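Notes follow the structure.
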Amino acid sequence: MANPLPKHPQLRGNYAPINFEATCHDLVVEGSLPEQLSGSLYRIGPNPKFVPEQGYHWFFGAGMVHAFHFAEGRVDYLNRWARTPKFEAEWSAGGSLPMRLMTDPDTGAIQSDRRNGLANTHIIWHANQLLALEEGSHPFSLAPESLDSLGYGHYAGDLAGAMTAHPKIDPRTGELHGFGYMSDAVGSPAMTYHVVDAQGGVKRSDTFIAPYAAMVHDFAVTRDYVLFPVFPLTCDLTRVPHLGSPFAFESEAGAFIGVLERGAPVSAIRWIEAPVCFIFHYLNAWNEGSVITFDAIDFPVAPNFPDINGQLPGFDEAQGKLTRWRLDVRTSQIEREVILNVPAEFPRIDDRYAMQHHRHGFLATASTRQRGDGGLFHEISHFDFETGNQQRWDAGEGNGVSEPVFVSRGAAEGEGWLLATVYDAERHASSLVVLDAMALADGPIAIARLDHRIPHGFHGSWRDSA
Ligand SMILES: [Fe+2]
């Protein structure tokens, strides 16, 4: 029997999961959907069917996928859980089960089962596969139209360790670059660099040693370099009894960026000392010679995690800002500056400009964030790095916007639409909005209404129709 969910801030309001799978044909649309918008938007986030009585964290809820299929000015919708082995076992048991850990009989080292994960963080289309990603596990495949779960194993046994939820796809070659952390054991500084070709074949999956064991959510790739920034959200299993978690922000450990020339062996990675801060997400990166520029959302410390004394960050410390970094790998000099002074997250670009000089960035922002608003972002913003102008669409305070996903319409960078889901607190239901990426202030071109909520989630992608 499924029990009521425990009281927890990340199980309230629009963080609360929904308890059904639905298929909705031809959604009611206000405005009109562009005829050329033809393909699918996939979104994913935590939507636990069961949670443990103690110690739930938003990051550890079972993944649910929401798909919007667009064709000929109409849109259909469906949502399905990613039915991983862990999910199926909980479904059968009627309750939450702990992560399956494997212990090395010789060393006692503990490793997560890479094929028993949550599949809850990002969903991408690569090499004709729809892959749900979560950084402790292997990619999990789903059918692109029906969202039927197909399972783990797309990369066979070729992937060493786990794969980040934020791999980068090279638009010139279709090659996918990814990484994993704590590759050989929980609490280990071993990381892995993966390269997968455009057909889905693993070209390399090489292990290296980082300065310390830490949670590493995202990384940056340019045409010539791969960067592995490591910030001190360190992992130490001895913390579990007093902090309830092995992860804590440990400023004293310092911060480092691993720099590797693309194609070079991982033994050539050089670690450059960096300012202590915390980054979940990078917008993009490019290099001109030895100078790498990357844009990221910088936090003073890791939000939602304690320091090593168990103290959670204050309100101001938990706000991330769009920040531009310049790193000269020849001199190891780093400069950085905040370029948009409002709380922001979920940065995206026109993906055709990945790994090269971009002009336009898109992100969720909160110009008027209040304490206690549940961490919502209520605006979609466009930042023009050339003019320094921000244009935004405000969904209304109390409402929540998802990450905006860019869909191209024309050849020029930024020429296209942004698609995002919006939670409307008054309706207690969500909508999908279509915005002109270069004219956000004009408001949505089309709003497709759902009768139910899409809980606050993480990431998503577009797949053009075949
Ligand atoms: Fe992420």
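Whatever order the structure lists ligands and atoms in, that order sets their numbers, starting from 1. Computed from a prediction, not measured in an experiment: that's the story for all the values here.
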Do [X] and [Y] have ring centres separated by under 6.0 Å?
X	Y	result
Phe256	Trp271	no
Phe228	Tyr193	yes
Phe219	Tyr282	no

Any chance you could lay out the side chain to side chain donor-acceptor pair (under 3.5 Å) test for Tyr181 and Glu135, step after step, and finish with the verdict? CA-CA 8 Å; Tyr181 65 90; Glu135 65 201 37; 2.5 Å; yes

List-wise, which protein N, O or S atoms are found short of 2.8 Å from the Fe ion (ligand 1)? His166 NE2, His217 NE2, His281 NE2, His459 NE2

Is the CD atom of Glu273 crowded by more than 12 outside heavy atoms at less than 6.0 Å? no

Please say whether the positively charged group of Arg409, taken as NZ for Lys or CZ for Arg, lies over the ring of Trp417, i.e. under 6.0 angstrom from the six-membered ring centre and within 45 degrees of the axis. yes

